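These numbers come from a predicted model, not from an experiment. First listed ligand is number 1; within each ligand, the first listed atom is number 1. Atom set for the values below is all heavy atoms of this structure, side chains included, hydrogens, waters and symmetry mates excluded. Throughout, residue positions are numbered sequentially from 1 according to the sequence presented.
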Amino acid sequence: MRFASGNVAAADAKSIAEARDLLRSGELVAFPTETVYGLGADASSDSAVARIFAVKQRPRFNPLIVHVSGIEAAERLVCFDARGRHLARRFWPGPLTLVMPRREDSRLSLLVSAGLDTVAVRAPDHAVAQALLNACGRPVAAPSANVSGRISPTTAAHVAADLDQRVALILDGGPCRVGVESTVLDLSGDAPVLLRPGGIPIEELREIVGPLAAPEGGVLRSPGMLRRHYAPSRPLRLNAREVGPEEALLGYGPGSGPAALNLSPRGDLLEAAANLFAMLRELDRAAGVTGIAVAPIPESGLGVAINDRLRRAAAPADEPLDWNDERGPAGPCVLPTLDPGD
Ligand code: TXA
Ligand code: MG
């Protein structure tokens, strides 16, 4: 297929069908939503989701928003309660993202929720996004379609300027109507927590769910919330060059020898990122093992995010794991969501 300019194509039936095929084959597609342009990947594919982090050059595996056409599709991924249903009926499709417990049978990539047992879902209110989601028939993970740390794109030209050839196709659906990201509300605990202000005013949410626990400049996370951050229960030893008698080795690259599991025998960081959470879980369950030793991972490309995640997972169990605190696990405890996403 040829495009008018680079990888940008006006969104029409033909380009949407092309986008569907690309997503289904694990490629990335940028598409318009009412808030900002999203960088989409098949949310059930570990390797497609890993590619998002690579293309955005994200230094962290932050959890991503999973886009669906509506409540029915979302019910297959997460466990709704009455509050969630009420909010989704009132505001979807629209700029409201709801964080809810992940269903065991969701078949979503573990990387999409960065190993958490919750998933953020939203139904975008944009004809092109809806057409793409319906055509694709799969949930689509999508952060904003910009390189990490840059401004979120609200036109196809912004996306092209940032990502250009690194994305298979950019669907042009004109400028975004809302222009700021969705409001993110965490419904996985007893009290709804506002994780990110956005396209839906807080007042409108309060009318339905009552007072929100709104983090202002950083709120201490209650210990009860920590359980939602997945870390192996077994001790994790990093940069391991040899393996102890009761340790399982999580290898990387061809030089790892007889590892219990290898993140990427050929030394491909994208493959390693795609395997990370699933392999950590597997070794945490493996019989006859008391600890997990992880081979050195190069500190470049996706290796930075992999090492960041591993360092957090290796932190003592009573230390909070915080995804967005630049100072690392020893820093103060801040709600993960104070990061507006990038
Ligand atoms: O408007 C939007 O929301 C755009 C468009 C493309 O839909 N997407 C977007 O995604 O802004 P992203 O990845 O840049 O922002 C995701 C936000 C982050 O603040 C992240 O921490 C939070 O959602 N988030 C995602 N999953 C979460 C989870 N399971 N628990 C807590 N926070 C989560
Ligand atoms: Mg963003």
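Among P95, G198, P63, the residue whose heavy atom sits closest to atom 22 (C) of ligand 1 is P63. Here the shortest heavy-atom distance to atom 9 (C) of ligand 1, taken over I65, D186, L39, belongs to I65.
Proximity to R58 (heavy-atom distance under 4.0 Å) selects the following atoms of ligand 1: 13 (O), 14 (O). Within ligand 1, the atoms closer than 4.0 Å to a non-hydrogen atom of H67 are 5 (C), 6 (C), 7 (O), numbered from 1 in the order shown. Heavy-atom proximity to L195, at under 4.0 Å, picks out these atoms of ligand 1: 31 (C), 32 (N). Close approach to L116 involves these atoms of ligand 1, each under 4.0 Å from a residue heavy atom: 28 (C), 29 (N), 30 (N). Which parts of ligand 1 touch A142 is read off a 4.0 Å heavy-atom cut-off, strictly below it: atoms 6 (C), 8 (N), 10 (O).
We find that R85 and E75 are joined by a salt bridge, their nearest charged nitrogen and carboxylate oxygen being less than 4.0 Å apart.
Contact annotation for M100 and ligand 1: no heavy atom of the residue comes within less than 4.0 Å of the ligand. With a heavy-atom cut-off of 4.0 Å, T118 touches ligand 1 through backbone and side chain alike. At a heavy-atom cutoff of 4.0 Å, ligand 1 is contacted by the side chain of R196 but not by its backbone. The proximity of S113 to ligand 1, defined as any non-hydrogen pair under 4.0 Å, does not occur for either the backbone or the side chain. Here N62 has no heavy atoms under 4.0 Å from ligand 1, in either its backbone or its side chain.
S113 and R102 share a side-chain donor-acceptor pair at under 3.5 Å.
Judged by distance alone, the side chain of D284 and the main-chain N or O of S233 form a donor-acceptor pair under 3.5 Å. Side chain of H158 to backbone of T154: a donor-acceptor contact under 3.5 angstrom is found. Checking side-chain atoms of N134 against main-chain N and O of Q130 turns up a donor-acceptor pair under 3.5 Å.
Within 6.0 Å of the CD1 atom in I151, the count of heavy atoms belonging to other residues, nucleotides or ligands does not exceed 12. Applying the 6.0 Å contact sphere to CD of E104 captures no more than 12 heavy atoms from other residues, nucleotides or ligands.
The line from CD of E282 to CZ of F277 is 15.5 Å long, rounded to the nearest 0.5 Å.
Using a 4.5 Å cut-off on side-chain heavy atoms (C-beta onward), V178 and D125 make no contact.
Ligand 1 has no atom lying under 4.0 Å from any heavy atom of R102.
Taking the side chain to side chain donor-acceptor pair (under 3.5 Å) definition, one finds that E34 meets it with R122, sequence neighbours left out.
Inclusion of N146 in the first shell of the Mg ion (ligand 2) is not supported: no N, O or S atom falls under 2.8 Å.
Of the polar atoms of S182, at least one N or O is found under 3.5 Å from an N or O of ligand 1, judged by distance alone.
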